[in-house]
Amino acid sequence: MNKIIIGILTLVWSISASAFVCSEDNSIENQYKNAEHVFLAYVLETRLEPALAKKIINPHAMKNNTEAPKLISADYQIIEEFKGKLSSFPRLVELLGFGTGYVGLIPGVYYVVFLPKPVAGIPEGYQGVNICNVPLAHEHLHNAGFQSELSKIRALKGKQKH
């Protein structure tokens, strides 16, 4: 029995040890304050980016993987802007895998995106996203719960003007 308990604890610890962690204060208010751009995006398409992955992912950092890391990029339409104004629409890029902060961008789904300033190492025209800066998503724009969350962000936009 003790071996089973130790096995379960070891498994839980190993999963949590490789988990992606957001900053301590990951509230919508804090995310909004720290983001350069905040918008509601409707994902139009996604695709694998093997050439980009080779350029920007350090292979030594992924030494325990038997397969090369995969990057997924997404093209999108902006439905509503809450903060900042994008002069160009960078493809959103995320690292596929457990413990990577994988959002799981899916065509036909709406996402609230809190884009930080561009990160060094990611080529121009791409912007990295993860579960910390894409906290809200829904497949139905007019869902009451999703609209309630969007109202909170709209209120932050209203406070910013004053």
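One-based numbering along the sequence shown. Predicted model, so just to flag it, every value in this text is computed and none were measured.
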Report the residues that fulfil ring-ring contact (aromatic ring centres under 6.0 Å, His included) with Tyr32, sequence neighbours left out, ordered by chain and then residue number. none

Using the side-chain hydrogen bond (donor to acceptor under 3.5 Å, both in side chains) criterion, which residues pair with Asn34? Sequence neighbours excluded. Asn30

Do the side chains of Ile79 and Phe39 get nearer than 4.5 Å, heavy atoms only? no

For Phe82, ring-ring contact (aromatic ring centres under 6.0 Å, His included) partners two or more places apart: none

The criterion is side-chain hydrogen bond (donor to acceptor under 3.5 Å, both in side chains); which residues satisfy it with Ser73, sequence neighbours excluded? Glu49, Arg91

Got a second to check how far Asp25's CG is from Gln31's CD, nearest 0.5 Å? 9.0 Å

Kindly compute the distance separating OH (Tyr76) from CD (Glu45), expressed to the nearest 0.5 Å. 12.5 Å

Between Lys152 and Ile28 (side chain of the first, backbone of the second, donor and acceptor by atom type, cut-off under 3.5 Å), is there such a pair? no

Mutual orientation of the aromatic rings belonging to Tyr110 and Phe146 [parallel < 30°, tilted 30-60°, perpendicular > 60°]: tilted

Salt bridge check, Glu29 against Lys33: does any charged N sit closer than 4.0 Å to a carboxylate O? no

Please report the closest heavy-atom contact between Phe114 and Val38, naming both atoms and the distance. CD2-CG2, 3.6 Å

Got a donor-acceptor contact below 3.5 angstrom from the His138 side chain to the His140 backbone? yes

Tell me which donor-acceptor pairs under 3.5 Å the side chains of residues 118-137 have, and how far apart each pair is, sequence neighbours excluded?
{"residue": "Gln127", "atom": "NE2", "partner": "Pro116", "partner atom": "O", "Å": "3.2"}
{"residue": "Asn130", "atom": "OD1", "partner": "Cys132", "partner atom": "N", "Å": "2.7"}
{"residue": "Asn130", "atom": "OD1", "partner": "Asn133", "partner atom": "N", "Å": "3.2"}
{"residue": "Asn133", "atom": "OD1", "partner": "Asn130", "partner atom": "N", "Å": "2.8"}

Rounded to the nearest 0.5 Å, how far apart are OG1 of Thr46 and CD1 of Ile106? 8.5 Å

Hey, could you give me the OH/CG distance between Tyr111 and Leu40, rounded to the nearest 0.5 Å? 11.5 Å

What I'd like to find out is whether the side chain of Val112 reaches to under 4.5 Å of the side chain of Glu149, using heavy atoms alone. no

Are Arg154 and Glu80 close enough for a salt bridge, meaning some N to O gap below 4.0 Å? yes

Do Ile78 and Phe89 touch side chain to side chain, with heavy atoms closer than 4.5 Å? yes

Atom CG in Leu71, atom CG in Leu96: separation rounded to 0.5 Å? 9.0 Å

What residues form a side-chain hydrogen bond (donor to acceptor under 3.5 Å, both in side chains) with Glu36, not counting sequence neighbours? none

When rounded to the nearest 0.5 Å, the distance separating CD1 of Ile153 from OG of Ser148 is 10.5 Å

Find out if a path of hydrophobic residues (ILVMFWY) with successive side-chain heavy-atom gaps under 4.5 Å connects Tyr102 to Val93. no

